[in-house]
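Reviewing the structure listed below.
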Amino acid sequence: MGLRRDQLAMRVAQELKDGYYVNLGIGIPTLVANYVPDDIEVMLQSENGLLGMGEFPSEENVDPDLINAGKQTVTAVMGASFFSSADSFAMIRGGHVDLTVLGAFEVDQNGSIASWMVPGKLVKGMGGAMDLVAGARDIIVTMTHANKKGESKVLKECTLPLTGVGCIKKVVSDLAYMEIHDGKFHLFERAPGISVEEIISKTEGDLIVPEYVPEMKLGSIMR
Amino acid sequence: MGLRRDQLAMRVAQELKDGYYVNLGIGIPTLVANYVPDDIEVMLQSENGLLGMGEFPSEENVDPDLINAGKQTVTAVMGASFFSSADSFAMIRGGHVDLTVLGAFEVDQNGSIASWMVPGKLVKGMGGAMDLVAGARDIIVTMTHANKKGESKVLKECTLPLTGVGCIKKVVSDLAYMEIHDGKFHLFERAPGISVEEIISKTEGDLIVPEYVPEMKLGSIMR
Amino acid sequence: MVGFNKVVNSYDEALKGLKNNMTVIVGGFGLCGIPEGLIARIQTMDVSGLTCVSNNAGVDGFGLGLLLESKQIKKMIASYVGENGLFEEQFLTGELEVELTPQGTLAEKMRAGGAGIPGFYTATGYGTPVAEGKEIRSFGGKSYVLEESITGEFALVKAWKADTMGNLIFRKTAMNFNPMAATAGKVTVAEVEEIVEPGELDPNAIHTPGIYVNRVIKGTFEKRIEQLTLASA
Amino acid sequence: MVGFNKVVNSYDEALKGLKNNMTVIVGGFGLCGIPEGLIARIQTMDVSGLTCVSNNAGVDGFGLGLLLESKQIKKMIASYVGENGLFEEQFLTGELEVELTPQGTLAEKMRAGGAGIPGFYTATGYGTPVAEGKEIRSFGGKSYVLEESITGEFALVKAWKADTMGNLIFRKTAMNFNPMAATAGKVTVAEVEEIVEPGELDPNAIHTPGIYVNRVIKGTFEKRIEQLTLASA
């Protein structure tokens, strides 16, 4: 059993640093906000035009004019600002967002990512994902390591239409924490109870495995 | 004797229309604001970031944070807005300003204009002039028809480095009101007391002269 | 003398001149900050073959979803259209042409359209289907895609407050695509919650100067919420 | 934990890391909205060979004129430098390199630099000396010039109010180039008239979100007027 959704979010949250401006994608990435370590502050950017996204509102505070990129009602923190979509993506494209966290169908050892389209299925659109992967200073992909049939999604080369080329540096899968350097995956941590062998067997791309692969530290002690 | 500075401004002011957004250049163009007909409203754009420029301030109302593109202290009218230089030139370049009035060293029959640089003399810079001539929906040039030696500044082809190519449609000189169509100057009005012959003799460019050239109407009756 | 009074009193007047096959740029993100009344009014008009440029295509029965229902839209230029079942159907049957555009590129295309910039380079979409057929150019060793600007015969935007001269202020994330859309329309119509007199809006805090706005109409807004999410108590 | 507190208490701290031969983007139009104290402080520092990007070059003895005086500027990228005698002299003797750039192009180059757009097309300057050596491209039958973006190691801006998180509000025409400059610096320093707590600035009316600002310092401003013009009584 690999990491649950909340555990994926917990592990990703360990990559946050004090003073980071962070864009969290829809789904698991959104959960990362729940696990920001107590000793740091981060500001969340929502690409529909909000820097300083807060928690979901109480019933009295619901405001239809205040939503996030997933179209969910949210709140804004003290020190937040609102701006246009052009200004928002200027921020993203210009490399001012420190970290983007998003999901993926596939990643490959060259850092390319496929996350928006499965040919033959209906295409819903890329939304802001292509801008986010092209612009963010650092990107973490959260995903399952393999599909339900056990086929690897951590590949030599993505098979699906790409979202971005050579942009991903870090992957948190349900099985492992990996980084991408020099055209290869590098295994840094394994999920609790997951063997290095399982990770190897479910990784199609070139994987550099060090002699000792520590188990991820999760739970309340964050760092 | 051709038109005086204030008369040039008066004649230009006759081209204003109700609801126009207008950018007035430094010098004579600035004076046009004094002759806006009573029965219309115009909004003045100042390219340093003000739409709705008002008159010069009284001594008590001087505000160093409120200047025009000529760096003069000004005021803002009711309904004015302030914005950045990028937004200001987006407005200009995007063709949203109805009319630009500016001075020139030379214009030619193809609508090109030279207004910013005399080689050998010090170059002070083009400021916003190149953006204004490239972007405005309509442009009126105010200038003297000839230089002090009597040499024409209304040319077949500009000799000085250009500010813009093929952009000028209307010229109000001290001698005449002309329009530029199909690569030729067209004489529409002559300044009071100025003969058609004098205009012809001081126009180097091709000039189409109709059978009857009315005298400009100036003074308090504007249209 | 009309001067700068942009206020119109009917949707008829607000949409006067909208014709078949025009390109209409529509502000909003999801159902947030959309010109509800203007869109609904188009559904009652005898115009079709529209190209709509909007980040989303509304939902079934609301927003641009209405115009999909009435088959008045020939083509959608959007970044995400996943909320709309009817859209899905028309897209699959080929009834609707779709040009999917990354969200930031779409926003910048509108801004460029309004700003007289016919094309710009962005890294977004390089190496993806979005870049197909487009010029690729290298700056500083990195590859970028040439994207062209978008303008429309009409732009329909939703603002919070307007003065009679068309100066607009948007509210919170209902701003989104509206400021750029406002600059990119040949005729820009703003549907707003409140119209005030000139001088009542802080000139230092105006999001869209009146020069971009041709018509202002006071609307009433349902402000439908797409995803109601509440704090767990 | 520093969090998002960007306030620094000395000009030393504000300009830490500024080194020889760096590119410094400076906000302001004429003497309006310039970071007076930051500029003056550079004059006392042992840095030279700077490339300054600013619409103007100050006047003799004030603004960037100070750094021309001390010969710390190697190159100016500006649209208009006519107010400055010393500039004239250094330019004529070849001591100072000058890249004259149309004002709107300069503003857009800074915006593009901050927005991750390496190049854009503009009609401005086509057929003029400004276009020499640049790519010309036709869109819709009209000719445009390819202009590249500008970024700097430092950006120095002047704002009216900041909160401690670096959110900025500018005042009237003292806004000018400051918002774009703020986006285009690797390190952006804002010298402001007033620093308030987060939450005191209306989030709907912030001109520059704090993400662009690395350091905030409270300055005192002379606000010298270049052309005092008064209404005739």
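Residue numbers begin at 1 in each chain, while the letters A, B, ... track the order of the sequences.
In this structure, C/N56 and A/K71 have side chains that are in contact, with non-hydrogen atoms separated by less than 4.5 Å. Side-chain contact between A/D131 and C/E108 is absent, with no heavy atoms from C-beta onward closer than 4.5 Å. Counting heavy atoms from C-beta on, the side chains of A/I67 and C/E226 never come closer than 4.5 Å. The shortest distance between side-chain heavy atoms of A/S85 and C/M180 falls below 4.5 Å. Using a 4.5 Å cut-off on side-chain heavy atoms (C-beta onward), C/Q103 and A/F89 make contact. Residues C/R171 and A/F82 fail the side-chain proximity criterion, which asks for heavy atoms closer than 4.5 Å.
Neither the backbone nor the side chain of C/F221 comes within contact range of chain A, judged by heavy atoms closer than 4.5 Å. Residue contact with chain A, scored on non-hydrogen atoms closer than 4.5 Å, involves the side chain of C/I225 exclusively. Of the atoms belonging to C/L92, it is side-chain heavy atoms, and not backbone ones, that fall under 4.5 Å from chain A. The part of C/K142 that comes within reach of chain A is its side chain, from C-beta onward, which places non-hydrogen atoms under 4.5 angstrom from that chain. Neither the backbone nor the side chain of C/S143 comes within less than 4.5 Å of any heavy atom of chain A.
Atom CE in A/M130 sits 11.0 Å away from atom OG1 in C/T122 (nearest 0.5 Å). One distance of note links CH2 of A/W116 with OG of C/S79; it measures 10.5 Å at 0.5 Å rounding. Atom CG in A/N48 sits 9.0 Å away from atom CG in C/N55 (nearest 0.5 Å). Atoms CZ and OG, on C/F177 and A/S88 in that order, are 9.0 Å from each other to the nearest 0.5 Å.
C/Q227 and A/G70 get closest at one heavy-atom pair: CG-O, 3.6 Å.
Of the residues considered (A/G125, A/A129, A/G49), A/G125 shows the highest number of contacts with chain C, using heavy-atom pairs under 4.5 Å. Ranked by heavy-atom pairs shorter than 4.5 Å toward chain C, the options A/G127, A/A69, A/A134, A/S81 are led by A/G127. The residue among C/R224, C/R111, C/M110, C/E88 with the most heavy atom pairs within less than 4.5 Å of chain A is C/E88. Among the candidates A/V133, A/V62, A/D63, the residue making the largest number of heavy-atom pairs closer than 4.5 Å to chain C is A/D63.
Of the options A/N68, A/T30, A/T73, a side-chain hydrogen bond (donor to acceptor under 3.5 Å, both in side chains) to C/T229 is made by A/T73 and by none of the others.
Side-chain N or O atoms of A/R93 include none that pairs as donor or acceptor with a backbone N or O of C/T124 at under 3.5 Å.
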Counting only pairs under 3.5 Å, give me each side-chain donor-acceptor contact of residues 61-68 of chain C, with atom names and distances, residues two or more places apart or in other chains.
none

